[in-house]
Protein chains: 2
Amino acid sequence: MALTDEAIDKIKGMIVSGELGPGARLPKEADLAERLGLSRNSLREAVRALSMIRVLDVRQGDGTYVTSLEPNLLLDALSFVVDFHRDDTVLQFFEVRRVLEPAAAALAAERMLDDDIDKLQLILDDLGDDPTIEALVANDIEFHRQIAVGTDNAVLASLVEGLSGPTMRARIWRGLTQEGAAARTREQHQAIVDAIASRQPDLARSWATVHIAGVEEWLRRVL
Amino acid sequence: MALTDEAIDKIKGMIVSGELGPGARLPKEADLAERLGLSRNSLREAVRALSMIRVLDVRQGDGTYVTSLEPNLLLDALSFVVDFHRDDTVLQFFEVRRVLEPAAAALAAERMLDDDIDKLQLILDDLGDDPTIEALVANDIEFHRQIAVGTDNAVLASLVEGLSGPTMRARIWRGLTQEGAAARTREQHQAIVDAIASRQPDLARSWATVHIAGVEEWLRRVL
DNA sequence: TCCTCCTCATACCTCCGATGTATGGGATGG
DNA sequence: CCATCCCATACATCGGAGGTATGAGGAGGA
């Protein structure tokens with residue numbers, strides 16, 4: 001195993017063992033490199049890799065710190081990974097969304113705070129009668145994110161959010177708009193909100209399933 | 001943004017745009033560094049970060065290549081991330097598993113090949129009457145992996161596999177064994193196989209739910 | 001002719017030392 | 001007491017040097 005990989009494991013070990021808790025500051029590059037028995041360059045590669053997945057936070061002129069290690073931080077590296085996938089695997093991602101999003105909607109119907117439900121409604125209302133594609137995409141992301149957050153499960157929220165890259169969303173909404181299906185999709189969003197607001201998990205789950213399956217079906221036809 | 005981060009984006013762009021397809025070989029360090037306008041050291045940090053998440057595969061003495069970019073490769077970096085989490089967020093991961101695993105079991109009941117179902121049964125049979133903790137853990141991992149693979153959805157399989165780190169599994173089985181609950185857990189495994197073998201998705205889903213929820217409940221009590 | 005082994009060019013691995021640059025805090029002056 | 005300036009600190013980036021593993025091609029033998 002390469003020296004750098006060993007260094008990654010050692011730093012990981014220091015964190016997992018509790019020696020370095022969330023927010024803790026690492027020794028400066030030179031000291032840590034000496035302690036781990038390698039050069040600064042090699043250490044930097046290890047630190048860079050860990051900062052890529054949001055485990056470390058390096059601040060020039062200040063130091064290197066362990067992040068809060070909250071699930072949302074660690075999992076949103078996922079969206080970076082998703083970007084690499086092309087048409088052939090997109091349907092697989094969608095199949096997973098069809099599992100997760102209904103579950104999230106159902107949980108939201110049980111747990112979401114009333115204030116947050118109001119916010120959810122406001123998100124839909126914010127969209128005018130003839131929004132641009134960009135507005136639709138941004139609104140769509142915000143809508144699904146708000147539901148995911150409402151499940152009170154950061155892991156689930158991050159997965160739902162990370163599993164569909166912005167690029168793919170843009171393509172989908174463009175296609176839906178061209179087909180004149182955007183209005184129906186927005187109606188489904190409203191139905192999901194209504195189900196959550198009336199605290200009907202089963203109904204929320206079903207509407208979410210219908211919603212995702214509809215988009216998935218369109219996507220399957222297009223590809 | 002740091003130079004290295006720019007380099008990461010540029011390499012990512014070369015891959016996403018199709019300039020570098022799966023299996024393609026990158027120019028050698030020196031050439032690529034010059035082309036991207038940075039030093040070899042900085043480029044190496046970028047390459048290291050991308051190889052961490054299995055996008056690039058560096059082979060000393062040979063060269064650096066783009067991986068197959070298959071979902072399982074890219075997502076099994078997930079288990080690395082999961083390892084960082086401690087007790088307080090483990091339950092969140094489990095809640096997601098309770099969503100994904102039943103769905104996987106149901107899909108497996110529909111799609112899994114007969115031969116693979118036989119293999120699944122063999123996995124359970126391989127375990128003797130008084131297995132060690134290590135054997136139980138290895139068997140457990142293999143069992144759930146086999147089901148996930150049977151869904152014919154690599155993304156789902158990777159998520160299911162990555163979402164529960166080996167460390168956590170070991171703790172769980174140790175605890176279950178101490179409570180004498182290991183036998184019941186193994187019976188649940190058998191029930192899931194039976195449901196899949198008899199092609200009953202609903203039954204498979206229910207047994208999987210019962211299985212995960214049972215472990216989750218035990219975990220909730222312990223923590 | 002075919003196979004095996006050896007040699008070598010190649011490409012990544014690791015390190016060093018130096019300079020550039022952003023940050024945070026303490027000293028300074030109002 | 002506060003705003004500003006200065007500087008020690010720590011990361012960012014660079015270029016070069018020597019080390020090591022790999023793969024391919026040539027030499028030699030069966």
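Given the structure is predicted, the values throughout are model-derived calculations rather than measurements. Numbers restart at 1 for each chain; the letters A, B, ... are given by sequence-line order, proteins then strands.
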Is the ring pair H211(B)/H189(B) parallel, tilted or perpendicular, if the boundaries are 30 and 60 degrees? perpendicular

How about CD on E34(B), more than 12 heavy atoms from neighbouring residues, nucleotides or ligands closer than 6.0 Å, or not? no

Nucleotide nearest T64(B) when distance is taken to its side chain, options dC12(C), dT14(C), dC11(D): dC12(C)

Heavy-atom donor-acceptor pair, T132(B) side chain to A135(B) backbone, under 3.5 Å: yes

Whole-Å distance, K28(A) NZ to dA8(D) P, equals 14 Å

side-chain contact (heavy atoms from CB on, under 4.5 Å) partners of E161(A), counting only residues at least two apart: R145(A)

For A30(A), does its backbone N or O pair with a side-chain atom of R35(A) as donor and acceptor, under 3.5 Å? no

Nucleotide dC12(C), atom P - distance to CG of L26(B) in whole Å: 9 Å

Can you pull out how bent the helix from dT1(C)-dA30(D) to dG30(C)-dC1(D) is, comparing the axes over its first five and last five pairs, to 10°? 10°

To the nearest angstrom, how far is Q60(A) atom CD from dT13(D) atom P? 7 Å

Whichever of G61(B) and T4(A) has its nearest DNA chain C nucleotide further upstream toward 5': G61(B)

When you measure from the side chain of S42(B) to the backbone N and O of L38(B), does any donor-acceptor pair fall under 3.5 Å? no

Atom CD of E29(B) to atom P of dG19(D): distance rounded to whole Å? 18 Å

Take the protein atom CG of D5(B) and the nucleotide atom C1' of dT13(D), then report the distance between them rounded to whole Å. 13 Å

Between dT14(C), dT23(C), dC12(C), spot the one nearest the side chain of D62(A), thanks. dT23(C)

Rounded to whole Å, please give me the gap between CG in L3(A) and P in dC13(C). 11 Å

For E45(A) and N41(A), what are the C-alpha separation, side-chain angles and deciding distance, and is it a side-chain hydrogen bond (donor to acceptor under 3.5 Å, both in side chains)? CA-CA 7 Å; E45(A) 289 182 21; N41(A) 275 331; over 6 Å; no

Just to be sure I understand the geometry, which residues of residues 30-52 of chain A put a non-hydrogen atom under 4.0 Å away from DNA chain C? G37(A), L38(A), S39(A), R40(A), N41(A), S42(A)

Taking all atoms of both residues into account, what is the closest heavy-atom pair of A208(A) and E101(A), and its distance? CB-O, 4.1 Å

